[in-house]
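Here's the structure we're looking at; comments come further down.
What you are looking at is a predicted structure, and each value in this text was computed from that prediction instead of being measured. Order of appearance sets the numbers: ligands from 1, and atoms from 1 within every ligand.
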Amino acid sequence: MDSPGVLLVFFLLPLLLCFPGGAPDLEADRAALLAFQAAVGRGELLWNASATPCSWVGVRCNGGRVTRIRLPATRLVGQIPAGTLGNLTALQVVSLRLNALSGPLPPDLASCKELRIVYLQGNRFSGEIPAGLFSLDKLVLLNLAINNFTGGISPGFNNLTRLETLHLEHNQLSGEIPDLHLPTLVQFNVSFNPLNGSIPAGLRRMSSDAFLGTGLCGLPLRACSPMHEKSKLSGDAIAGIAIGAVVGFLIVAALLVILCRRGRGSKRTANVEAPRESERALRGSGAVQNENGLAAEKVGLSRYGQSLVFLKPGPKVYDLEDLLGASAAVLGRGTTGTTYKAMLETGMVVAVKRLKDVNLPEEEFREKVEAIGAMDHPNLVPLHAFYRSKDEKLLVYDYIPMGSLSSVLHGNRGAGWTPLDWETRSGIALAAARGIEYIHSIGSEVSHGNIKSSNILLGNSFEAHVSDYSLANLVSPSDTPSHAACYRAPEVTDAQKVSQKADVYSFGVLLLELLTGKPPMQGFHDEGGPDLPRWVQSVVQEEWISEVFDLGLLRYQNVEEEMVQLLQVGIDCAAQYPDKRPSMSQVVIQIEEVHRSSLASMGRNHQQDHHAIGDADDQSSKLTDSIEES
Ligand SMILES: *[C@@H]1O[C@H](CO)[C@@H](O)[C@H](O)[C@H]1NC(C)=O
Ligand SMILES: *[C@@H]1O[C@H](CO)[C@@H](O)[C@H](O)[C@H]1NC(C)=O
Ligand SMILES: *[C@@H]1O[C@H](CO)[C@@H](O)[C@H](O)[C@H]1NC(C)=O
Ligand SMILES: *[C@@H]1O[C@H](CO)[C@@H](O)[C@H](O)[C@H]1NC(C)=O
Ligand SMILES: *[C@@H]1O[C@H](CO)[C@@H](O)[C@H](O)[C@H]1NC(C)=O
Ligand SMILES: *[C@@H]1O[C@H](CO)[C@@H](O)[C@H](O)[C@H]1NC(C)=O
């Protein structure tokens, strides 16, 4: 009679043994996260227990499981118990950096077999690096810097065959570094640990400042003291070594002489190829020799006797005659016309754009230009005045001194050239996004229409101003192929009709250009190869850090995560289908988040006492305020 029950138990038992707590699913993940919140959240982690965990701050899901946790600088305090993080077996990315987490890492972290990216720097973790970590063979990035880990560096790291980034600096790790063979390792740092012994062969290719503040010796640092071995050697051997050393010295000296000569030779050619970048950046893409470009038109213009129409309130400090009498230099030639830098006799400098191919009737032209003149936002280049005659259409803008983002990013990288730093780049991204968001806020049909890096102009402290907005529907489309095509969304067929979603696409390409340092020109990879967005997507996400980012950004290890986040925003914007792209206001919110979080990381990094979490928070809020103000 009771055989069906027995049978049921018989079949269920193995299942129950496999999954003692039931199969891992979103409900199990929720329970684990709530236990994590109760243990270290200190009541400040506001997760709504009745909503899905996938909607919680810092939590991301994929395929019905929790795959990412990002809670940087969120005042987490205390020890992470077993049965919390360790139960999130689908976890791929975890970032708990800049908190006050302490005690040993939970040993069951080893159950998170999918972990690829782990940021735990800037906490108070202690104890040994748990051996379980070395079974996580998908790890690409492990950052345990600025903690209180003790014990040795295990040879178990050799199991992490995909590891590209390993940060262990500022801990209490001691003893010798075992022979590590990690061919994929690109970034490595064990500075400020009481390590000793010689640097193993597999790590000699790292730079010497990966080993600062340690007792290590050997390449790339000073040679290990040979005293010990030498005393054991016989007189003959010493004589042999001495002769060998003399011969060796002569060979090295000869090589040095040859190398120096070659080095000098190649430097000379490098100088010839690379004109001074500072000059180029300051003057934009300008052909400076074209002085009096505007004055040359003077005769043709003044015949009409019309005057400038001013679009902004305030004193009119110049008139058409002043403008035409100004000496001018070409700043750039684009699809909408040529822009000059005009230096008035009063010393004032303005930018003047000569539109080409305007076929609009006067009334319509006036209306459209007045609408552009009415736009007013700190991240737009203001349009002050215009002039219209039958043959000539001029727009007068503020002159922005540092030239375009395009020339700063891709200008010749000669001597004295420094790449834009991360703070500048993320600041430019945010400012440009805000300018474009403003344009979109005017009305659903209003768009920029021509977003590209040569239309982002930089002020003296690299603050970004968007230029050339809403000009696309003033001028007739030209047939000449241009760089603009690489920024154009796939659905755009008429360059005069660019939707807001198409602007978002162009902005996405611009973001990718800013982060990769690569111009999005056609045939960018090879002739006929993928465009910039497709290329970035073709590189697997884990390799972004080493493969995709501009070399000038690789030294910002403490903001890698933000860099990856911003890259993701760029990719989302450059989605193939318009309805998959975010709106510009969503983009602004996302970039603000990245910017705030990276300022918190940088602020944190600047201060010496890395255990004063309260101070770090004070610092980040001050910096955040200053962004809000700017
Ligand atoms: C974690 O998983 C174990 C084993 O499946 C289970 O016993 C425990 O209750 C889980 N922890 C939480 C907080 O759900
Ligand atoms: C929590 O989530 C539930 C379900 O989504 C919702 O009804 C409720 O308003 C939320 N509570 C708070 C405080 O946000
Ligand atoms: C770091 O660990 C050492 C030894 O375990 C301990 O004495 C010290 O107090 C710890 N420091 C901090 C800031 O936790
Ligand atoms: C490293 O991998 C080997 C083989 O996969 C395994 O036997 C060993 O236990 C691993 N070592 C550690 C420390 O996990
Ligand atoms: C490194 O330091 C440890 C402990 O301080 C010591 O026992 C060991 O001999 C040292 N090794 C070398 C190569 O100096
Ligand atoms: C390693 O970390 C130290 C301390 O933060 C830093 O000064 C050094 O520049 C870093 N070196 C490398 C190669 O990352």
Side-chain angles (χ1 to χ4, degrees), residues 15-41 43 45-57 59 65-66 69 79-91 97-98 106-113 121-122 141-147 164-173 177 185-195 199 203-214 216 219-221 421-422 545-546 551-560 601-610:
L15 279 179
L16 287 173
L17 285 177
C18 285
F19 305 109
D25 58 11
L26 196 55
E27 279 316 301
D29 287 355
R30 175 204 299 278
L33 283 172
L34 288 175
F36 176 82
Q37 176 190 30
V40 298
L45 200 53
L46 300 173
W47 283 342
N48 179 350
S50 45
T52 162
C54 305
S55 68
W56 294 352
V57 170
V59 178
R65 296 291 311 276
V66 171
I69 300 183
Q79 192 165 342
I80 303 176
T84 59
L85 277 193
N87 277 24
L88 300 168
T89 50
L91 204 57
R97 67 203 162 88
L98 307 178
D108 63 351
L109 205 57
S111 324
C112 305
K113 294 278 181 243
Q121 71 270 34
L141 183 154
L142 179 62
N143 194 330
L144 301 178
I146 319 183
N147 275 294
E164 292 180 9
T165 302
L166 177 60
H167 283 283
L168 299 173
E169 65 267 26
H170 287 290
N171 277 291
Q172 302 295 324
L173 299 169
I177 305 183
L185 201 61
V186 182
Q187 286 183 27
F188 176 77
N189 203 333
V190 290
S191 296
F192 303 103
N193 280 290
L195 294 162
I199 294 171
L203 295 174
R204 284 180 196 153
R205 66 196 156 95
M206 300 297 163
S207 87
S208 60
D209 65 359
F211 307 97
L212 301 174
T214 64
L216 295 165
L219 283 174
L221 304 180
D421 62 22
W422 163 252
I545 287 155
S546 54
L551 286 180
L553 285 177
L554 288 186
R555 59 202 169 98
Y556 296 95
Q557 295 144 1
N558 49 339
V559 290
E560 266 165 17
S601 306
M602 308 266 241
R604 172 71 179 215
N605 206 43
H606 288 157
Q607 61 181 45
Q608 281 305 304
D609 181 3
H610 53 266

Note to self: Tell me whether N193 contacts the main-chain N or O of L195 through its side chain, where contact means a donor paired with an acceptor under 3.5 Å.
What the structure shows: no
Item checked: Interfacing atoms of ligand 1 (cut-off 4.0 Å, heavy-atom, A31) -> 13 (C), 14 (O)
Checklist line | Value rounded to 0.5 Å, distance of CD in Q187 from OG1 in T165 | finding: 4.5 Å
Checklist line | Donor-acceptor contact below 3.5 Å, side chain D29 vs main chain E27 | finding: no
Check: By number and element, which atoms of ligand 6 are closer than 4.0 Å to a non-hydrogen atom of F192?
Finding: 4 (C)
Notebook entry, point to check: Which parts of the protein, at residue level, reach under 4.0 Å of ligand 2 through a heavy atom?
Noted result: N48, S50, A51
Note to self: Does only the side chain of H170 get under 4.0 Å from ligand 6, or the backbone, or both, or neither? Count heavy atoms.
What the structure shows: side chain
Item checked: Per-atom contacts, ligand 1 versus N87 - under 4.0 Å to a heavy atom -> 1 (C), 2 (O), 3 (C), 8 (C), 10 (C), 11 (N), 12 (C), 14 (O)
Note to self: Check the orientation of W56 and W47. Use parallel for under 30°, tilted for 30 to 60°, and perpendicular for over 60°.
What the structure shows: parallel
Notebook entry, point to check: For ligand 6, is there an N or O atom under 3.5 Å from any N or O atom of H167?
Noted result: no
Next item on the list: Keeping the roles fixed (side chain from R97, backbone from A145), state whether a donor-acceptor pair exists under 3.5 Å.
Entry: no
Margin query: Working to the nearest 0.5 angstrom, can you tell me the gap between L221 CG and D209 CG?
Written below: 10.0 Å
Check: Is the closest N or O pair between S207 and ligand 6 shorter than 3.5 Å?
Finding: no
Check: For ligand 6, does N189 get within less than 4.0 Å through its side chain, its backbone, both, or neither, judged by non-hydrogen atoms?
Finding: side chain
Checklist line | Gap between atom CG of L91 and atom CZ of R65 - 0.5 Å precision | finding: 9.5 Å
Item checked: Atom indices of ligand 1 within 4.0 angstrom of A35 heavy atoms, with elements -> 13 (C)
Margin query: So, using side chain to side chain donor-acceptor pair (under 3.5 Å) as the criterion, who are the partners of S191 when residues are at least two apart?
Written below: N189
Checklist line | Nearest-0.5 Å distance, CG of residue L203 to CG of residue L185 | finding: 7.0 Å
Next item on the list: Mind checking the CG-CD spacing from L46 to Q37? Nearest 0.5 Å is all I need.
Entry: 8.0 Å
Next item on the list: Check ligand 1 against G83 and write out every atom of the ligand that is under 4.0 Å from a heavy-atom position of the residue.
Entry: 1 (C), 11 (N), 12 (C), 13 (C)
